[in-house]
Amino acid sequence: MPRVNEEIEDLLTEWADLLQIGGADAFRVRAYEKAARALGGHPRDLRDLSDREILAIPSVGKHMAARVREYLDAGTMHELEDMREAVPAGVRDLMRVPGLGPKRALLLHQELGIAGIGELADAIASERVRAVKGLGEKTELNLFRALQNLSRTQDRVRIDEAIEISLRVVEQLENLPGVKSIVPAGSVRRMRDTIGDLDVLVASENSEHVMGAFLEMPDVVSVVARGDTKSSVVTRRGMQIDLRVVPANAWGAALIYFTGSKEHNVKIRELAMKAGMKLSEWGLFRACDGRLIAGATEEEVYAALGLAWIPPAMREDTGEVEAALAGDLPALIEQTDLRGDLHSHTDLTDGIASLDVMVEAAAARGFEYFAITDHAQNLAMTGMSREAVLAQREKIATIQLRFPHMRLLHGCELNIGRDGSVDYDAEFLAGFDITVASVHSLFRLSREETTARLIAAARNPFVNVIGHPTGRLIGRREPIDVDFEVLFGVAAETGTALEVNCFPDRLDLRDEHVRWATRRGVTISIATDAHAPKHLDNVRFGIGTAQRGWAKRSDVLNARTASEVGKFVADKRAPR
DNA sequence: GCCGTTTTCGGCCCGACTGTTTTCAGTCG
């Protein structure tokens with residue numbers, strides 16, 4: 001169930017859409033959108049705020065505050081109900097079709113009585129759309145394609161796939177004459193967990209070659225837009241790729257613009273405006289005479305706005321601009337800060353590589369320590385018996401001799417039972433250097449039962465890390481329903497770390513939960529859960545997720561030394 | 001509808017591309 005903050009965000013966003021369809025003033029619409037975002041992203045639960053505190057939220061004025069209050073008290077916003085009456089259901093749905101905004105959605109409803117995506121498809125099939133004044137054959141064809149694409153790309157692409165596709169585009173274009181720089185920008189650069197479409201930025205004084213090559217890439221099935229500086233294509237699997245070409249002196253400004261997010265861009269453009277400047281992808285200019293102030297690098301553009309350089313992962317307008325203005329941007333965790341990995345598997349359980357191979361792969365990455373955490377006995381089919389555990393421990397002791405610079409930790413991934421209990425008895429658990437405990441079953445329990453289950457595990461003195469705490473599998477399995485505020489409180493109190501699992505289809509905890517957890521004082525473990533040597537490279541996705549959650553080095557367990565990790569474990573085991 | 005250490009009224013982010021237009025509205029990011 002979403003937090004009340006998100007419920008209110010959804011309602012005000014819907015309200016903004018309905019206003020837009022009704023032809024309301026664009027700035028009024030934007031006021032609703034801004035308020036929706038401000039309320040949805042507010043760190044505290046709106047139920048816990050006084051009226052005065054709600055009114056103090058930026059972009060929330062007395063009208064919005066009154067609506068929030070009405071919703072909190074009565075569970076409804078009566079004016080919104082009225083709006084819904086006025087705009088036929090389904091018209092708003094039409095706006096999901098790329099190429100259809102509020103104006104055309106309303107036009108299609110007024111002229112053809114269309115009130116839904118299915119009806120739109122029928123109207124296109126019977127060539128009625130082209131007959132509407134202001135639309136035409138081309139528009140009809142574009143809408144047809146957009147509808148086809150919509151069904152194909154319901155699912156966003158995972159970050160790892162998106163990076164791979166971007167790099168293929170880069171490879172095909174980087175050696176063309178005149179290309180000075182080329183990078184994937186957009187949400188890939190911000191390391192979002194899933195990606196809608198790809199943005200690639202090129203620095204070149206002459207866009208002709210690169211544009212031509214882009215439009216003719218083998219994977220391209222249709223060209224959505226083509227221009228001198230900007231083109232968009234759709235690939236065979238339905239992914240849209242935008243290419244933007246700018247001169248080198250605008251590189252920084254364009255990189256900011258094209259990295260986004262949109263909300264971040266709007267925020268810093270407002271900042272520029274207030275300071276008598278104008279920011280666009282072409283540079284930062286003096287408003288009075290249009291003179292260029294900055295543009296070649298991101299750093300100089302941010303600096304001219306009075307901001308430190310903001311890491312791409314933070315650019316979501318969730319407070320980073322304010323933090324940069326105040327000069328207290330956090331120093332984010334970097335991949336180079338990580339000293340080891342605290343979650344990995346071998347072919348003793350469900351990994352595909354032997355202990356030796358995994359250890360060698362970890363050593364090759366320069367780790368100072370490496371925990372082997374194969375599955376505990378209760379995991380059907382693959383879990384380790386006690387004998388297998390002890391045999392592995394002996395083997396690790398032998399291998400350790402070959403790796404004097406990397407401390408091997410013998411750990412285990414425990415299974416959290418329905419009641420929060422884990423495998424083995426206390427005495428046996430005490431033999432491990434560290435443990436990870438994870439939910440591997442019963443993902444659909446109630447929030448109460450799930451929360452109780454996880455806090456019971458967290459209170460176990462022999463549980464050091466909760467692995468992939470929500471169990472989500474992106475695009476395949478919903479997260480378990482847990483009261484995070486309670487879980488984070490207990491994790492902080494008991495000295496239990498929560499994992500940021502680096503698998504690109506997990507990224508669990510996710511970005512916003514990392515931020516919430518670390519704010520509550522929870523330690524996180526950025527762990528690969530590697531089942532093969534190449535999985536150790538997934539750490540960059542975990543780092544991206546942690547950065548999106550504003551995690552600092554001090555928040556991260558495996559950024560500490562081996563002896564500090566040992567102390568983290570010992571402290572929890574010590575009787576209080 | 002929100003906001004203000006220049007303003008309580010008059011502003012509000014910026015530019016590219018498309019299609020159906022005779023000069024620009026709509027959409028997108």
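This one's a predicted model, so the numbers in the text were calculated from it and none came from an experiment. Proteins get letters first, then strands, A, B, ... in listed order; numbering begins at 1 in each.
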> Quick one: is K230(A) getting a side-chain N or O under 4.0 Å of the dG29(B) phosphate, OP1 or OP2?
Replying inline: no
>> Any base atoms under 4.0 Å from E137(A), or only sugar-phosphate, or nothing? Heavy atoms, all strands.
In response: sugar-phosphate
>> When the P atoms of dC28(B) and dT20(B) are compared, how many Å lie between them, rounded to an integer?
In response: 16 Å
> From dG26(B), dC14(B), dT20(B), pick the nucleotide closest to the side chain of T139(A)?
Replying inline: dT20(B)
> So, is W282(A) near the phosphate of dA16(B), with a side-chain N or O under 4.0 Å from OP1 or OP2?
Replying inline: yes
>> Between dC12(B) and dC17(B), how many Å separate the two C1' atoms, rounded to a whole number?
In response: 24 Å
> Of all the nucleotides listed (dG29(B), dT27(B), dA16(B)), which has the minimum atom distance to the side chain of T229(A)?
Replying inline: dA16(B)
>> Measuring only the C1' atom in each nucleotide, how far is dT7(B) from dC2(B)? A whole number of Å is fine.
In response: 14 Å
>> By nearest atom, which of the nucleotides dG29(B), dC2(B), dG15(B) is closest to the A31(A) side chain?
In response: dC2(B)
>> Using a 4.0 Å heavy-atom cut-off, does Y257(A) contact any base of the nucleic acid, only the sugar-phosphate backbone, or nothing at all?
In response: base
>> Please report the distance separating the C1' of dT21(B) from the corresponding atom of dA25(B), rounded so that it comes out in whole Å.
In response: 9 Å
> Within the structure, does a side-chain N or O atom of N142(A) lie under 4.0 Å from either OP1 or OP2 of dG19(B)?
Replying inline: yes
> Syn or anti for dT21(B), taking syn as within 90° of 0?
Replying inline: anti
>> Looking at E9(A) and R37(A), is any side-chain nitrogen of the basic one under 4.0 Å from a carboxylate oxygen of the acidic one?
In response: no
>> In whole Å, measure the gap between the C1' atoms of dC13(B) and dC3(B) for me.
In response: 16 Å
> Given the C1' atoms of dG11(B) and dT6(B), what is the spacing between them in whole Å?
Replying inline: 13 Å
> How is D25(A) classified with respect to the nucleic acid when contacts are heavy atoms under 4.0 Å: base, sugar-phosphate, or nothing?
Replying inline: base
>> Side chain of D242(A), heavy atoms from C-beta onward: which of dG15(B), dC13(B), dG29(B) has the nearest atom to it?
In response: dG29(B)
>> At 4.0 Å (heavy atoms only), tell me whether V97(A) reaches a base, stays on the sugar-phosphate, or touches nothing.
In response: sugar-phosphate
> So what does L100(A) touch, heavy atoms closer than 4.0 Å: a base, only the sugar-phosphate, or nothing?
Replying inline: sugar-phosphate
> Looking at the side chain of E281(A), which of dT20(B), dA16(B), dT27(B) is the nearest nucleotide?
Replying inline: dA16(B)
> So, are K230(A) and D242(A) salt-bridged, with charged N and O less than 4.0 Å apart?
Replying inline: no
> With a non-hydrogen cut-off below 4.0 angstrom, is K262(A) in contact with a base, only sugar-phosphate, or nothing?
Replying inline: base
> For dG1(B), what is the paired nucleotide under Watson-Crick or G-U wobble rules, both distances under 3.5 Å?
Replying inline: dC12(B)
>> Of the listed nucleotides (dC13(B), dG19(B), dG1(B)), which one gets closest to any side-chain atom of R67(A)?
In response: dG1(B)
> E270(A) has an atom CD; how far is it from atom C1' of dG11(B), in whole Å?
Replying inline: 12 Å
> dC13(B) P sits how many Å from K34(A) NZ, rounded?
Replying inline: 7 Å
> When rounded to the nearest 0.5 angstrom, what is the spacing between OH in Y32(A) and CG in L18(A)?
Replying inline: 10.5 Å
>> Do the side chains of R158(A) and D193(A) get close enough for a salt bridge, i.e. N-O under 4.0 angstrom?
In response: no
>> So, OP1 or OP2 of dG1(B): does either fall under 4.0 Å of a side-chain N or O from R28(A)?
In response: yes
> Should the pair R519(A)-E512(A) be classified as a salt bridge under the 4.0 Å nitrogen-to-oxygen rule?
Replying inline: no
>> Let's go through V170(A) and V183(A) carefully: what are the C-alpha distance in whole Å and the side-chain angles of both, what is the deciding distance for side chain to side chain contact (heavy atoms under 4.5 Å, CB included) to 0.1 Å, and is it a yes or a no?
In response: CA-CA 7 Å; V170(A) 167; V183(A) 296; over 6 Å; no
> Which nucleotide sits closest to the side chain of K138(A): dG19(B), dC12(B), dG1(B)?
Replying inline: dG19(B)
> Base, sugar-phosphate, or nothing: which does V60(A) touch, judged by heavy atoms less than 4.0 Å apart?
Replying inline: sugar-phosphate
> Does S232(A) have a side-chain nitrogen or oxygen under 4.0 Å from the phosphate oxygens OP1 or OP2 of dC28(B)?
Replying inline: no
> Would R315(A) and E263(A) pass as an ion pair if we require N to O under 4.0 Å?
Replying inline: no
> Just checking F27(A): base, sugar-phosphate only, or nothing, at a heavy-atom cut-off of under 4.0 Å?
Replying inline: base
>> Using atom C1' in both nucleotides, what's the gap between dA16(B) and dC9(B) to the nearest angstrom?
In response: 33 Å
>> Students often get this wrong, so: under 4.0 angstrom with heavy atoms, is K278(A) touching a base, only sugar-phosphate, or nothing?
In response: sugar-phosphate
> Base, sugar-phosphate alone, or nothing: which one does R104(A) contact when heavy atoms must sit under 4.0 Å apart?
Replying inline: sugar-phosphate
> Does R30(A) put a side-chain nitrogen or oxygen below 4.0 Å from OP1 or OP2 of dC13(B)?
Replying inline: yes
